[in-house]
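Start at 1 and go down the list; that is how both ligands and their atoms are numbered.
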Amino acid sequence: MIPYGRQEITPADIAAVVEVLQSDYLTQGPVVPLFEAAVARHVGAAHAVAVNSATSALHIACLALGLGPGDRLWTSPVTFVASANCGRYCGADVEFVDIDPRTYNLCPVALERKLEGAARQGRLPKVVVAVHLSGQSCDMAAIHALGQRYGFRIIEDASHAIGGKYRGEFIGNCRYSDIAVFSFHPVKIITTAEGGMALTQDPALAASMARLRSHGITRDPDEMTHLPDGPWYYQQLELGLNYRMTELQAALGLSQLQRLDAYVAERHALAHRYDCLLSSLPLITPWQHPDSYSGLHLYVIRLRLDEIASSHRDVFEALRARGIGVNLHYIPVYLQPYYRQLGCRPGDCPEAERYYGEAISLPMFHTLGEDRQDAVVQALTEVLSS
Ligand SMILES: *Cc1c(COP(=O)(O)O)cnc(C)c1O
């Protein structure tokens with residue numbers, strides 16, 4: 001089976017992890033800060049807080065922005081459930097804004113319409129989570145302008161997007177947001193096995209997230225409510241968690257980061273090749289907005305079902321039967337039983353449901369190679385013409 005995504009581990013990665021295993025610190029040592037500084041420098045953010053997953057990063061981002069019971073978080077329905085669950089962890093209500101039919105990202109026009117209605121009803125969101133699906137940036141300038149007008153804060157869920165750019169600048173520099181979050185799960189662009197990071201330009205948000213990842217505890221006298229009792233002293237200022245990244249994970253991430261730009265370039269070469277090889281088939285290849293240089297975590301095609309004899313499900317199953325590890329990113333989050341039980345209904349976001357009925361993620365990872373890519377194209381060509 002050719003998987004849809006796969007990590008690459010090099011001898012240099014292994015050596016970096018072994019070096020940490022032989023050192024004094026397995027956690028809370030010098031490598032996590034080095035990894036944070038390297039990612040922050042790479043993307044142009046002032047501060048970075050490494051944690052044990054992007055899910056954890058989203059959670060502490062919401063907490064740092066003050067999200068709580070009675071507040072609302074809005075996000076895209078076409079995303080992994082974590083983009084929405086972070087609001088629920090904080091006790092907030094979660095609502096969904098339909099997608100743009102070309103980028104499949106949260107649609108700024110739909111967002112504006114929903115904001116107008118919410119303003120009249122006094123139901124405005126406190127936080128909007130903009131998800132950069134497949135690695136292509138949302139229209140951040142438009143979302144940021146709406147944030148200024150309607151007073152919501154912005155988290156970029158950039159789990160797919162490290163190494164990508166928006167308007168010529170790296171995603172993660174938070175020019176149009178409060179906080180951006182990366183994932184280092186093995187299917188993502190670079191990996192730490194499990195791991196995530198929150199980036200921000202705001203020193204107060206960074207300090208708050210750094211405390212929240214470690215029990216809400218500070219050892220910085222400047223953050224304390226009174227002078228330390230002695231050199232042993234620490235203070236718990238709020239209810240935090242243990243979301244720390246280990247030194248082993250950070251060493252792996254630091255080593256992988258050296259190859260980030262090469263990985264994204266290789267993904268672009270593969271995507272360009274898919275675009276050409278698939279151009280005569282009854283499907284839509286991923287459209288790229290001119291403002292975007294995508295991280296290309298995913299390569300999502302949409303079937304033109306009116307030109308095909310088989311159903312979406314038939315095509316999907318036939319590809320799997322031929323050893324092509326296709327996937328579907330994503331089931332609209334509000335169709336999950338958990339969200340239906342909270343009041344969401346089929347039909348809430350029609351564009352997202354149309355997408356769900358036609359989308360298939362083809363294998364896309366930097367070590368895919370042309371031979372395996374040709375096998376994917378061959379299988380798809382056969383399946384669509386049968
Ligand atoms: C993978 C992913 C997450 C969660 O990442 P973890 O590091 O596995 O917690 C969140 N949002 C999106 C869009 C993702 O793809």
Inset, instruction - For side chain to side chain donor-acceptor pair (under 3.5 Å), just list the numbers for Gln235 and Tyr233, CA-CA rounded to whole Å, side-chain angles, deciding distance to a tenth of an Å, and then say yes or no. - result: CA-CA 7 Å; Gln235 270 191 350; Tyr233 195 65; 3.2 Å; yes
Inset, instruction - Could you tell me which residues satisfy side-chain contact (heavy atoms from CB on, under 4.5 Å) with Thr381, sequence neighbours excluded, listed by chain and number? - result: Leu281, Val377
Legend entry - Carboxylate-amine/guanidinium contact Glu358 Arg354, below 4.0 Å: no
Legend entry - Any Asp275 side-chain heavy atom under 4.5 Å of Pro286 side chain: yes
Legend entry - By side-chain contact (heavy atoms from CB on, under 4.5 Å) - contacts of Asp178 (at least two apart): Leu65, Arg153, Ile154, Leu205
Legend entry - Shell of residues surrounding ligand 1, defined by a 4.0 angstrom heavy-atom cut-off that is strict: Ser53, Ala54, Thr55, Thr79, Phe80, Ala82, Ser83, Val131, Asp157, Ser159, His160, Ser183, Lys188, Gly195, Tyr330
Legend entry - Qualifying residues under side-chain hydrogen bond (donor to acceptor under 3.5 Å, both in side chains), relative to Ser56, sequence neighbours excluded: Asn52, Ser53
